[in-house]
Each structure stands twice: as structure tokens, then as C-alpha cells.
Amino acid sequence: MRIVFLGTGGTYPSKARNVTSIAIQLPGEVLMFDCGEGTQRQLMSSSVSFMKVSKIFISHLHADHFLGLPGLIQSMSLNGREDDLTVFGPTDTTRNVRMMLRLGYFKSGFRVVARDLAPGDLLDCGNYCIRCGKAEHTIPSLAYALEERSRAGKFELKKARRLGVPEGPLYRRLQEGRSVTVDGRIIKPNMVLGPARPGRKIVYTGDTRPSKGIAALAKHADVLIHDCTLDSTHLGLAEDFGHSTAAQAARTAKEAKVGALFLVHMSPRYEDTTILEKEAKAIFRNALIAEDLMEYTVKYRT
Ligand SMILES: [Zn+2]
Ligand SMILES: [Zn+2]
């Protein structure tokens, strides 16, 4: 599970940062969270194959979060994409995606499915699920939690030997959670496996003021990717426009006891983001300013 920060700036693109988009590489597919203008070019410069993007989750319908969709869809079509693409987002996403598909003289060669989501919705995607939370912005906005299913516990060789299970295919079967029969005795997986191991969890807030709901959504996440538009000297501005300061993002990370905090959506006014990083690190040590095309592999907690 690898996070690729495609665009980390807020509001409009700057020389240093494109607007918001984050890709998450999973086995066999890529999820994208937000797709600001110019995201497809960022994808070309990254390690992500844009044809493998299966689902795009839009946090809200401000231009810096969705305007990259029409161009990306057209390029996917020109490159011969055949697989469906699903675009999820808050209320009114479906209507907006339909409008985008009618822009200019273009007909997509593949199916684009759009679906409106609401806070509290849970999408079951097999090996992982997506939980929607309410972001506190100026328009309907969603925060998303990507939660991987828990994995089977560690295979305990000693126990298997003690129970007389012969090495080979039966080991694999037990690891896959299936019972086996040895000399007429039924050996169940829980007799040779340790406790289930938690899956990984990544939370992306989109644009938001600090919120108790988001702190709850992010509880014990491995990674929290949080709005960090301004520093604390602009607290009033952040509040008025539905954003967070670096300190507020860090407090949420601390409250939620996350593993790592990545700050995104920095205002283009910051050519140097040291002030933001310092402010966040003073509250939550494992805070980092995300940079365009930065990659981060999310490891299992033992
Ligand atoms: Zn924004
Ligand atoms: Zn916004």
C-alpha cells in the first residue's frame, strides 16, 4: 500500500505545487482521492499507471479538487481504456460528472459511473472498505477512511508440528483460514494461527476546519492526510474559509493517535513551508509537509 502525493497545494497551482490529488496504490488497482486541474500530468511524472485507476473519490466540488477529471477521462479514453471508472463524491457529484462527460466534442470509450455519497456511508470493496466522514468546509464535503481488512494471524510452526500437521499444502490451507483433517482429527485455523493482525488505515480529510468527527474517523489510522492551508497567525481566515492551520491539523493527529501526519493543501502564499512544519511538529512529532510526487509506503503494524 503506497501513497503517492500527486498534488499538495491548495486553492490554485503554484510553481512548487500542483493542486490536490493523492493516489493510493493497492495490489492490482489504484485509488485516487481528489483530482485537481493538471493531475494527469502529475500522474505522468509519477510511478502510478493512470490506466490502473479504478475509483476516484472527490472530497468536494471546489475546482482545486475536481477540475482535473474531464482531461484525465479524455486521456484514458484516448489510450484505449475499456474498464469502468467510478467517481464518488458528495451530493451533486453525479450531476457534475455527467456534465463533464458532455463537454466539447467527446465521447468516452469506456463507462464512467458516478455515485453520490454521504457522511456515514460505507463502501465494501472486498479487501478494503471506504468509510465516509463529514468534513467541516463551506460546501458539502467528505473525508474518507480507507480501511484494509484485518489479516489472519501469524502461522505458528511449533503448534502445527505439535498437532502433527505435515509440512506442505496443509500449512497453506490453514493459513488461508480453512480447516484440515490429519489422521481423522480436524485441525482448525485458530489452533495454529496467532491473533488476527489489523489491516492498514489511511484517512484523507479534504478541506476542513478541525473537527471531532474527523478525529474519530482517523482514530488509530496509520496515516492521516490533513488540510493544512495556513499557519496559526491566520487562524481567523482559516475558520472563515473552512480550513485548518498546521497546529489544528497536528492536534487532530494527536487526538486520533495516528502513526504519521502528512500535511497537504498548503496555501500558495507559502513558498517556504518551514513555518507550517515547525508549528505542526511542536504538537505532533511525526508530522511532515507532503511534497508533489513524494511517495510513502504504509507498512503493517507488526
Ligand atoms: Zn481546496
Ligand atoms: Zn474547498
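Predicted model, so just to flag it, every value in this text is computed and none were measured. Counting starts at 1 for both ligands and their atoms, following the listed order.
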**OP:** State whether the side chain of Asp222 and the backbone N or O of Ala260 hold a donor-acceptor pair below 3.5 Å, judged by distance alone.
**Re:**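 No, Asp222 side chain to Ala260 backbone: no donor-acceptor pair under 3.5 Å.
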
Original post:
Which atom, counting only N, O or S, brings Asp207 closest to the Zn ion (ligand 1)?
Top reply: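 Answer by atom name: OD2.
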
**OP:** To the nearest 0.5 Å, tell me how far Gln40 CD sits from Ser21 OG.
**Re:**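 Answer for the CD-OG pair, Gln40 versus Ser21, is 11.5 Å.
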
Subject >> N, O or S from Asp64 under 2.8 Å to the Zn ion (ligand 1) >> reply: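 Checking Asp64: at least one N, O or S atom is under 2.8 Å.
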
Original post:
Do His234 and His243 have their ring centres less than 6.0 Å from each other?
Top reply: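 So the answer is no for these two rings.
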
**OP:** Output yes if His265 passes the N/O/S-under-2.8 Å test against the Zn ion (ligand 1); output no otherwise.
**Re:**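 Checking the Zn ion (ligand 1) against His265, an N, O or S atom does fall under 2.8 Å.
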
**OP:** Flag the pair Arg251 / Pro210 as yes when at least one side-chain heavy-atom distance between them is below 4.5 Å, and no otherwise.
**Re:**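 No, their side chains stay 4.5 Å or more apart.
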
Subject >> Cation-pi check, Arg197 onto Tyr300 ring (under 6.0 Å, within 45° of axis) >> reply: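 The answer is no; the distance or angle limit is not met.
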
Original post:
Can you tell me the angle formed at the Zn ion (ligand 2) by ND1 of His62 and NE2 of His137, to 10°?
Top reply: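 For ND1 of His62 and NE2 of His137, the angle centred on the Zn ion (ligand 2) reads 90°.
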
**OP:** For the Zn ion (ligand 1), decide whether His65 has an N, O or S atom at a distance under 2.8 Å.
**Re:**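 For His65, the answer is yes, given that an N, O or S atom comes within less than 2.8 Å of the Zn ion (ligand 1).
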
